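In what follows, a structure is listed as structure tokens, so that the remarks can point back to it.
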Amino acid sequence: MTLGFIYETVLTRVVFGSGTMRQVRNEAARLGGRRAIAITTPGRGERVADDVAGHLGPLSVGVCAQAVMHTPVAVTDSALSAVREAGADMLVAVGGGSAIGLSKALALRTDLPQIVLPTTYAGSEMTPILGETAGDRKTTQRSPKVLPETVIYDVDLTLTLPAAISATSGMNAVAHAVEGLYARDGNPVVSLLAEEGIARMARALPRIMRQVSDREARADALYGAFLCGSVLGSTTMALHHKLAHVLGGIFNMPHAETHTVLLPHSMAYNAPAAPAAMERVSRAIGVRDAARGIYDLAKALGAPTALRDLGMREEGIDAAVDEALAKPYWNPRPLEAAGLKALLVRAWSGEAPSLRKPGGSRA
Ligand code: NAD
């Protein structure tokens, strides 16, 4: 039995189901909103946001479809003008982490309440975390101001998420749960959420690859994403998220794909220092070795397994190691340059994760 821990609950109202998008007007009214602006990404997101605006009825004051990945502050400034011009008193984000990121950046600057309807598995809706980019630097902050008041999970909104994005977005969710299992501020409740989140996601993704409109598998994956996002929101992340963050910031690498490639390698690096966490991951996905199991899962989903296939140049590895060591996150295994370089070399070329045991022998 664990002797002591601190568990902080996230104060977000969660509405989960199929067709729940239709409840957005009631949820907006519940928060006292009278002039809601929908925040989304251009293109497909805009069409879904139009539907949501339709369900908001007289409470809608329009759609702002300016969100892009990594939340650049210049985009936020422009969206802020749109929100002010519309006289909005509430933000309704519809989309993946990019749409939610813009909504959070706006909430930080305006203190407006947020309703979020997530359409990917990234999990940002359950966290008080905001990452923003200015130039090529990405900075992350935690603030209760950016935590959404209400999250409406509607399984139907995820049925159109293409197989390839579902796979990498799902692996992005799994990464939150894995790092929550060995987080410095982890606890038994978070570990329960994390193990169940990984199990649901790992079970659902192969089914989604076979049929993207499999509603039952989609419900499992979205529930898994909710659990994994909750883990991200209540713990602090370690090496894996640091590396993903560094590569996203320096090389503008795609978020979910980069997480997918890095995860088995970060796990292999940390495995000797986090045996209990690895055991729980192994149990969740039904394999002997957790890192290898995650690598095999990504491969089976047809997801990318090499950073070079995501456009990273090999010469960038040293810069990434330097940046990761410059302002390191806490990590269960101490960070050292040679080990990080070896990790990134494998991830860059797409090799399977190293199963070296402490002491040098290979499993
Ligand atoms: P995304 O929001 O950029 O979406 C990826 C693509 O999928 C986009 O082209 C989008 O239009 C499309 N898409 C989304 N939902 C769809 C659907 N249902 N059907 C069809 N197409 C759909 O990507 P993401 O991976 O969800 O989010 C990445 C961003 O989120 C990054 O900027 C990352 O830093 C941030 N993030 C933040 C947190 C946090 O806690 N702050 C957590 C996770 C991710």
Side-chain angles (χ1 to χ4, degrees), residues 10 12 21 39-49 51-52 65-73 75-76 93-105 107-108 114 116-133 137-148 151 153-177 179-180 208 212-213 215 218 221-222 225-226 228-237 240-249 252-260 303:
V10 170
T12 296
M21 170 171 82
I39 307 294
T40 191
T41 38
R44 218 205 75 84
E46 216 167 337
R47 292 193 291 282
V48 184
D51 289 346
V52 171
Q66 298 187 24
V68 294
M69 199 168 290
H70 301 310
T71 327
V73 289
V75 171
T76 302
V94 186
S98 300
I100 301 169
L102 176 56
S103 174
K104 285 174 155 182
L108 181 74
Q114 302 174 82
V116 173
L117 293 97
T119 63
T120 70
Y121 305 133
S124 176
E125 65 280 0
M126 292 309 297
T127 82
I129 306 165
L130 169 65
E132 293 184 284
T133 45
R137 292 212 76 80
K138 185 160 183 176
T139 50
T140 302
Q141 59 179 301
R142 277 183 180 253
S143 164
K145 275 189 181 183
V146 308
L147 183 72
V151 175
Y153 285 106
D154 188 337
V155 175
D156 299 3
L157 290 179
T158 64
L159 297 178
T160 52
L161 192 64
I165 305 182
S166 303
T168 53
S169 189
M171 295 302 281
N172 183 192
V174 168
H176 307 328
E179 292 229 295
I208 292 170
V212 287
S213 59
R215 196 181 298 261
R218 286 293 192 182
L222 193 60
F226 158 48
C228 294
S230 306
V231 172
L232 176 66
S234 38
T235 53
T236 35
M237 298 284 108
H240 169 75
H241 279 72
K242 177 69 188 184
L243 289 176
H245 193 136
V246 163
L247 296 183
N252 197 25
M253 308 262 303
H255 179 83
E257 289 88 338
T258 304
H259 268 278
T260 305

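We count ligands from 1, going down the list as the structure has it; atoms in each ligand are counted the same way. Just so it is clear, the model here is predicted, and its values are computed rather than measured.
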Short N or O distance, Ala99 and ligand 1, threshold 3.5 Å exclusive: no
Short side-chain donor-acceptor distance under 3.5 Å, Thr127 and Lys104: yes
Ligand-side contact atoms (ligand 1) for residue partner Gly96, heavy atom cut-off under 4.0 Å: 2 (O), 26 (O)
Leu157-ligand 1 polar pair, N/O distance under 3.5 Å: yes
Which residue and heavy atom of the protein sit nearest atom 13 (N) of ligand 1, plus the separation: Leu161 CD1, 3.9 Å
Taking atom 3 (O) of ligand 1 as the reference point, the nearest protein heavy atom with its distance: Ser98 OG, 2.6 Å
N/O separation below 3.5 Å, Ile129 to ligand 1: yes
Distance filter under 4.0 Å to Ala122 heavy atoms, resulting ligand 1 atoms: 26 (O), 42 (C), 43 (C), 44 (C)
Heteroatom proximity flag, His70 to ligand 1, N/O under 3.5 Å: yes
Winner among His255, Met69, Arg47, Met237 once heavy atoms are compared against atom 23 (O) of ligand 1: Met69
Non-hydrogen atom of Leu232 closer than 4.0 Å to ligand 1: yes
Atoms of ligand 1 close to Ile165 [distance to a heavy atom under 4.0 angstrom, numbered from 1]: 6 (C), 7 (O)
Nitrogen or oxygen of Thr119 less than 3.5 angstrom from that of ligand 1: yes
Protein non-hydrogen atom found under 4.0 Å from atom 42 (C) of ligand 1: yes
Identity and distance of the protein heavy atom lying nearest atom 40 (O) of ligand 1: Thr127 OG1, 2.6 Å
Under 4.0 Å to a heavy atom of Thr160 - the qualifying atoms of ligand 1, by number: 17 (C), 18 (N), 19 (N), 20 (C)
Those atoms of ligand 1 less than 4.0 Å from some heavy atom in Lys104: 39 (C), 40 (O), 41 (N)
Contact bool for atom 21 (N) of ligand 1 (protein heavy atom, d < 4.0 Å): yes
Ligand 1 N/O within reach of Thr120 N/O, cut-off under 3.5 Å: yes
Atom 11 (O) of ligand 1 [closest protein heavy-atom partner, distance rounded to 0.1 Å]: Thr41 OG1, 3.8 Å
Whether Pro162 lies under 4.0 Å from ligand 1, heavy atom: yes
Protein contact to atom 34 (O) of ligand 1 [nearest heavy atom, distance to 0.1 Å]: Lys138 NZ, 2.8 Å
Backbone or side-chain N or O of Arg44 under 3.5 Å from ligand 1 N or O: yes
Per-atom contacts of ligand 1 with Ser124, taking only distances under 4.0 Å to non-hydrogen atoms: 37 (C), 38 (C), 39 (C), 40 (O), 41 (N), 42 (C)
Nearest protein heavy atom with distance in Å, relative to atom 24 (P) of ligand 1: Gly97 N, 3.5 Å
